[in-house]
Amino acid sequence: MKSPRQWFLAAFSIMMTVLTLSGCMPGGMPEKIGPYKCYYGDVDYVSVLRWNGITYMDNSDGDISGLNTGEKIGKIRYRKADHTCPRDPMQDGDATLLEVGTQLNEVKGYKATARLVAGDRLYEATENPSARTLNDLLDIEGKIKSVRFVSGMDGSPLKDFTPEASAVFIREYPKLKYVPFNQLAKETKQWVGNKYWLEIELNDGSSRRIVYNAMFAAFHPSGYATPELARLVEEQRKLIYAK
């Protein structure tokens, strides 16, 4: 079983290689055969699922004990890890690692397009073709408690935003235009540049990791920062090193 650090790094590796929809990192080059993609050698799967055209990733960090499970909406019907040549792309009801039959439930207080509970795990949306803003993707407007920088190596806290900066971030981040990561990766030359990890803590005690690319003033979950927000993040970053 992966440690939280391994999950954190593996999840970002998936994002960096623009493989969110397939959710895996093959040991060798895959071969596409019709609606299937065959992997010869080891495949390192990150736990993702697809439902109603949306891709969700396992949130392996943070406290989710304050979340309440809502109505049942379906079950996992297909597990990619069970197949050498899994179907590609993923279809609704498909998962990489979740067992077939795993129950899917809504999370009370959140739209099902943003969060689901699968078994006893929280899954959060990473790709939604219908989203127009980051709040459409994440459903976090009015729900953010605090913002901080965290280590890109193990996710440990580095520095909280000041109360004033947090207030601006909390107000502006959900309003940003959503840009699918495949598109953002092309526009940012495959996400090159200095990257910084942030964590937004929500009022219910759960949290979500986001990444900021300073070269392009871009976030993932993906959208471009406004000039005001870019300046704010840079100012807060410098405070990490201030004595």
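Owing to the predicted nature of the structure, the values given are computational and were not obtained by experimental measurement.
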Q: Decide whether I76 and L122 are clustered together by the hydrophobic rule: side chain heavy atoms of Ile, Leu, Val, Met, Phe, Trp, Tyr closer than 4.5 Å, transitively.
A: no
Q: Taking all heavy atoms of V117 and all of V107, pick out the closest pair and write down the distance.
A: CG2-CG2, 3.5 Å
Q | Closest non-hydrogen atom pair, P86 against Y45 | A | CG-OH, 3.7 Å
Q.
Rounded at 0.5 Å granularity, tell me how far OG in S146 sits from CD1 in I170.
A. 7.0 Å
Q. What pair of heavy atoms forms the shortest contact from E106 to A112, and how long is it?
A. CG-CB, 4.1 Å
Q) Are I210 and I240 connected in a single hydrophobic cluster, I mean Ile/Leu/Val/Met/Phe/Trp/Tyr linked by side-chain heavy atoms less than 4.5 Å apart? A) yes
(Q) For S156 and D154, which I'm curious about, is there any donor-acceptor pair between the side chains at under 3.5 Å? (A) yes
Q: Report the distance from atom CG of L138 to atom OG1 of T133, rounding to the nearest 0.5 Å.
A: 8.5 Å
Q | Donor-acceptor pair, side chain of S206 and main chain of L202, under 3.5 angstrom | A | no
Q.
With side-chain hydrogen bond (donor to acceptor under 3.5 Å, both in side chains) as the test, pick out the partner of D94 among R87, R50, R79, R77.
A. R87
**Q.** Closest heavy-atom pair and its distance - A125, T113
**A.** CB-O, 3.3 Å
Q) Are Y212 and F219 close enough, and set up right, to give a ring-ring contact (aromatic ring centres under 6.0 Å, His included), and what steps lead you there? A) CA-CA 5 Å; Y212 180 71; F219 291 101; 4.9 Å; yes
Q. Hey, are the side chains of S222 and Y178 touching, using non-hydrogen atoms and a 4.5 Å cut-off?
A. yes
Q: Could you walk me through whether Y224 and E187 pass the side chain to side chain donor-acceptor pair (under 3.5 Å) test, one step at a time?
A: CA-CA 11 Å; Y224 290 101; E187 295 172 354; 2.6 Å; yes
Q) Taking atom NZ of K175 and atom OG1 of T226, what is their separation to the nearest 0.5 Å? A) 10.0 Å
Q. Do any N or O atoms from the side chain of D139 and from the backbone of A114 form a donor-acceptor pair under 3.5 angstrom?
A. no
Q: Provide the closest heavy-atom pair for R121 versus N59 in the form atom of the first, atom of the second, distance.
A: NH2-O, 3.6 Å
**Q.** Heavy-atom closest contact (V150 atom, R209 atom, distance)
**A.** CG2-CD, 4.0 Å
Q) Between L176 and L229, does a side chain to side chain contact (heavy atoms under 4.5 Å, CB included) hold up when you go through it step by step? A) CA-CA 10 Å; L176 297 180; L229 200 52; 3.9 Å; yes
(Q) Can you confirm whether more than 12 heavy atoms, excluding those of K143, are under 6.0 Å from its NZ atom? (A) yes
Q. Got a donor-acceptor contact below 3.5 angstrom from the D92 side chain to the G53 backbone?
A. yes
**Q.** Common cluster, L98/Y56, ILVMFWY with side-chain heavy-atom separation under 4.5 Å
**A.** yes
(Q) Can you list everything that forms a salt bridge (Lys or Arg N to Asp or Glu O under 4.0 Å) with R148? Sequence neighbours excluded, please. (A) D160, E199, E201
Q) When you measure from the side chain of N194 to the backbone N and O of A214, does any donor-acceptor pair fall under 3.5 Å? A) no
Q: Determine, for E234 against R237, whether the closest basic-nitrogen to carboxylate-oxygen distance falls under 4.0 angstrom.
A: yes
Q. If only atom types and distance count, is the side chain of N52 paired as donor or acceptor with the main-chain N or O of I54 below 3.5 Å?
A. no
Q) Any luck finding a side-chain donor-acceptor pair between Y110 and D204 under 3.5 Å? A) yes
Q. Quick one: does E124's side chain get under 4.5 Å of P221's, heavy atoms only?
A. no
Q. Going only through I, L, V, M, F, W and Y residues with side-chain contacts under 4.5 Å, is there a path from L49 to L67?
A. no
Q: Could you grab the distance from atom NZ of K159 to atom OG1 of T162, nearest 0.5 Å is fine?
A: 9.0 Å
Q) Roughly how far apart are R115 CZ and Y123 OH, rounded to 0.5 Å? A) 14.0 Å
**Q.** Test item: C85 and K37 side chains (from C-beta on) under 4.5 Å apart, heavy atoms
**A.** no
(Q) If you apply the rule side chain to side chain contact (heavy atoms under 4.5 Å, CB included), what do you find for V168 with E228, and how did you get there? (A) CA-CA 9 Å; V168 175; E228 177 189 23; 3.9 Å; yes
Q | In one Ile/Leu/Val/Met/Phe/Trp/Tyr side-chain cluster, 4.5 Å: I200, L232 | A | yes
Q. Counting distance only, does the side-chain N/O of D136 pair as donor-acceptor with the main-chain N or O of S130 below 3.5 Å?
A. no
**Q.** Derivation of the side chain to side chain contact (heavy atoms under 4.5 Å, CB included) call for T55 and M90
**A.** CA-CA 9 Å; T55 301; M90 293 176 69; 5.7 Å; no
Q: Determine, using ring centers only, whether Y36 and H83 are less than 6.0 Å apart.
A: no
Q: Answer yes if the ring centres of W191 and F181 are under 6.0 angstrom apart, and no otherwise.
A: yes
Q: Please name all residues satisfying ring-ring contact (aromatic ring centres under 6.0 Å, His included) with F161, sequence neighbours left out, ordered by chain then number.
A: F149, F169
**Q.** Rounded distance (nearest 0.5 Å) linking atom CD1 of I144 with atom OG of S207
**A.** 12.0 Å
Q | Candidate pair Y173 and I140, rule side chain to side chain contact (heavy atoms under 4.5 Å, CB included), full reasoning | A | CA-CA 9 Å; Y173 178 72; I140 55 173; 3.9 Å; yes
